[in-house]
Engineer: 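Take a look at this one; I'll ask things after.
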Amino acid sequence: MKTLKRQEKTRPLLKAVPKEENAQEAPLGAGKRARLELAETMIREEQGYVTLDPDPAGLAPEQPFEPIAVQRTYQDELRRYFDYKITYYPGYDRPLAVSQLTNWASFIDIHDEVVDEKFPIDRDIRAYITAFRLSLQRNYRRFILRRRIDQLILLTVLMLPLALWTFMPELRPEGVPMTFAAIPDFLMGTGRDLALGVGALYAASFGILLYNLSTNRQVLASTMHANAGDLKAKVQRRINSLHQGYVHCVKAVNEAELNAGLNDETWIDDSKYWAQLALWKPKRIEYIEKFYQSEMQRNRVSAFRWRVGMRIIGWLMVAATIALAGVLGFITRDPVGMSLAGIVATLGFVHYRVLLSKPYMVEITDIKRFIGDNDWKRFSDINFDEDFADIIRRDKMRIRQEKARGGVLGMGGRAA
């Protein structure tokens, strides 16, 4: 019995990679750079917005049911995960600059660097998630910039009649009123063409603005919806493949002995490796979910920064328009010019408060609606703790039954 146990201990099972050799094989951050470079190959420009490549060359095909000979090639990947050492002082070996302070303060960056180092095998699907984030941020940025450009054009158009009235008095019609009470008579008489022209100009400007806002929003929403569909399909396909592979590994653990010959002991090593794979595959699903979560958080932060920053710029443009209208109205010192300045200031405020408000904005929360999450296969759906507990229970039950029958205890054991 002791001899057999000693032989079992000395028999080579799996060639484990030493922790000292495996730990920190690449400098922290190299995985992130590789992922970002791969993500850039998965996006493309289309009709002014960024879309995801529905069939990227950098995304590996799914193979859930691989034979043991192929699965053996994952030994280094298993050791990379199970032997990985979490550094307690991330980034302490790097120079700290004020310009990089916001990045160093983010635990998300540290977490994602660890994920990149522990699971390089899933870097392709993480790159696709990152590509979705990059496409969303760039599209969101372009959409807001286009709104600010439309706003600048509108404010310029609003200011144009007032500027012409102030600096080109030769264009003014005859009979300019000197009091506010005379303005209605002026507009019904010699100033009628002026009033109609300015009114038509403002109406056309607001109409074009509304059309541009509505069109850009629809294009952005459809682009986001298409990208979200591609992302969901790719992530779910990878998770489903890992789930099926996990089920295959658990089944192989249970059936390794049944499928082996009477004198074939390789199933012992195989069952051990299948068990390690069955632990590793669900962890890959879990960390894909964690990485997806961190990228969605980056989307929220990026969108918030752009919305706040560009909203401040928008209000500054409105304030500059109101101030400039007041200055020009003060320069003219006539009722028509001062009234026109008041109209410009009012429309300059109203257009940003009403026309460029939420109804014309694609919210970052639309991502959840576009992608959804109710029908996703999750790490929590696998219940691999129950599966492994059942494996141990069956083995213990078999030992108990062997003892009750007075049979063989373990491999090479003697009858009780």
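From a predicted model like this one, the values you see are computed outputs, not experimental measurements. All values below were derived from every heavy atom in this structure, side-chain atoms included, with hydrogens, water molecules and symmetry-related copies excluded.
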Engineer: So Phe388 and Val253, do their side chains get closer than 4.5 Å, heavy atoms only?
Structural biologist: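 No, too far: nothing below the 4.5 Å cut-off.
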Engineer: Side chains of Asp53 and Ile43, heavy atoms from C-beta outward: is any pair under 4.5 Å?
Structural biologist: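 SC-SC contact between Asp53 and Ile43 ruled out.
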Engineer: Tell me whether Thr215 contacts the main-chain N or O of Asn212 through its side chain, where contact means a donor paired with an acceptor under 3.5 Å.
Structural biologist: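 Flag not set: sc Thr215 to bb Asn212 has no pair under 3.5 Å.
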Engineer: Could you tell me whether the side chain of Lys232 and the main chain of Ile371 form a donor-acceptor pair under 3.5 Å?
Structural biologist: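 Judged by distance alone, yes, a pair lies under 3.5 Å.
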Engineer: Considering residues, nucleotides and ligands other than Met159, do more than 12 of their heavy atoms fall under 6.0 Å from its CE?
Structural biologist: yes
Engineer: Short question: side chain of Asp124, backbone of Ala60 - any donor-acceptor pair under 3.5 Å?
Structural biologist: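 Pair found, side chain donor or acceptor close to backbone of Ala60.
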Engineer: Mind checking ring pair (Phe, Tyr, Trp, His ring centres under 6.0 Å) for Tyr246 and listing every partner two or more places apart, or none if nothing turns up?
Structural biologist: none
Engineer: Do Arg80 and Lys118 come within less than 4.5 Å of each other through their side chains, counting heavy atoms only?
Structural biologist: no
Engineer: Can you tell if the side chain of Arg147 reaches within under 4.5 Å of the side chain of Arg217, non-hydrogen atoms only?
Structural biologist: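 Answer no - side chains too far apart.
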Engineer: Taking only residues two or more places apart in sequence, or in another chain, which ones meet His248 in a ring pair (Phe, Tyr, Trp, His ring centres under 6.0 Å)?
Structural biologist: Phe65, Trp274
Engineer: Sequence neighbours excluded, which residues qualify as side-chain contact (heavy atoms from CB on, under 4.5 Å) partners of Ile121?
Structural biologist: Tyr74, Glu77, Trp280, Arg284
Engineer: Would a distance-only check, ignoring hydrogens and angles, find a side-chain to backbone donor-acceptor pair under 3.5 Å from Asn139 to Val50?
Structural biologist: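 Here the side-chain-to-backbone pair exists.
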Engineer: Would you check if Trp315 and Met310 make a side-chain contact, meaning some heavy-atom pair closer than 4.5 Å?
Structural biologist: no
Engineer: Any sub-3.5 Å donor-acceptor pair from Ser214's side-chain atoms to Tyr211's backbone N or O?
Structural biologist: no
Engineer: Would you say the side chain of Leu78 lies within less than 4.5 Å of the side chain of Tyr273, judging by non-hydrogen atoms?
Structural biologist: yes
Engineer: Is the shortest side-chain N to carboxylate O distance from Asp270 to Arg72 below 4.0 Å?
Structural biologist: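 Yes, this pair counts.
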Engineer: Take atom CZ of Arg44 as the centre, draw a 6.0 Å sphere, and report whether it contains more than 12 heavy atoms from other residues, nucleotides or ligands.
Structural biologist: yes
Engineer: Does the pair Lys290/Glu286 count as a salt bridge with the N-to-O cut at 4.0 Å?
Structural biologist: yes
Engineer: Under the criterion side chain to side chain contact (heavy atoms under 4.5 Å, CB included), which of Leu242, Leu59, Ile125 is the partner of Arg237?
Structural biologist: Leu59
Engineer: Heavy atoms only: give me the nearest Ile144-Trp306 pair and the separation to one decimal.
Structural biologist: CD1-CB, 4.1 Å
Engineer: What I want to find out is whether Asp112 reaches Arg298 closely enough, with some N-O distance under 4.0 Å, to be called a salt bridge.
Structural biologist: yes
Engineer: Do side-chain atoms of Ser302 reach the backbone of Asn299 as a donor and acceptor pair under 3.5 angstrom?
Structural biologist: no
Engineer: For Tyr49, what residues pass the ring pair (Phe, Tyr, Trp, His ring centres under 6.0 Å) criterion, not counting sequence neighbours?
Structural biologist: none
Engineer: Under the ring pair (Phe, Tyr, Trp, His ring centres under 6.0 Å) rule, collect the residues that match up with Phe370, sequence neighbours excluded.
Structural biologist: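 In terms of ring pair (Phe, Tyr, Trp, His ring centres under 6.0 Å), with neighbours along the sequence ignored, Phe370 is linked to His225.
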Engineer: Provide the full list of salt bridge (Lys or Arg N to Asp or Glu O under 4.0 Å) pairs with a residue in residues 126-142, sequence neighbours left out, each pair given once.
Structural biologist: Glu40-Arg138, Glu45-Arg142, Asp116-Arg126, Arg133-Glu295
Engineer: Show, in sequence, the C-alpha distance, side-chain angles and deciding distance for Asp366 and Arg369, and conclude whether the salt bridge (charged side-chain N to carboxylate O under 4.0 Å, His left out) test is met.
Structural biologist: CA-CA 5 Å; Asp366 289 336; Arg369 178 170 58 88; 3.3 Å; yes
Engineer: Heavy-atom count check: over 12 atoms from other residues, nucleotides or ligands less than 6.0 Å from Arg394 CZ?
Structural biologist: yes
Engineer: For Phe119, run the ring pair (Phe, Tyr, Trp, His ring centres under 6.0 Å) check against Tyr287, Phe291, Tyr84 and tell me which one passes.
Structural biologist: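 That would be Tyr287; it is the only one of Tyr287, Phe291, Tyr84 passing the ring pair (Phe, Tyr, Trp, His ring centres under 6.0 Å) with Phe119.
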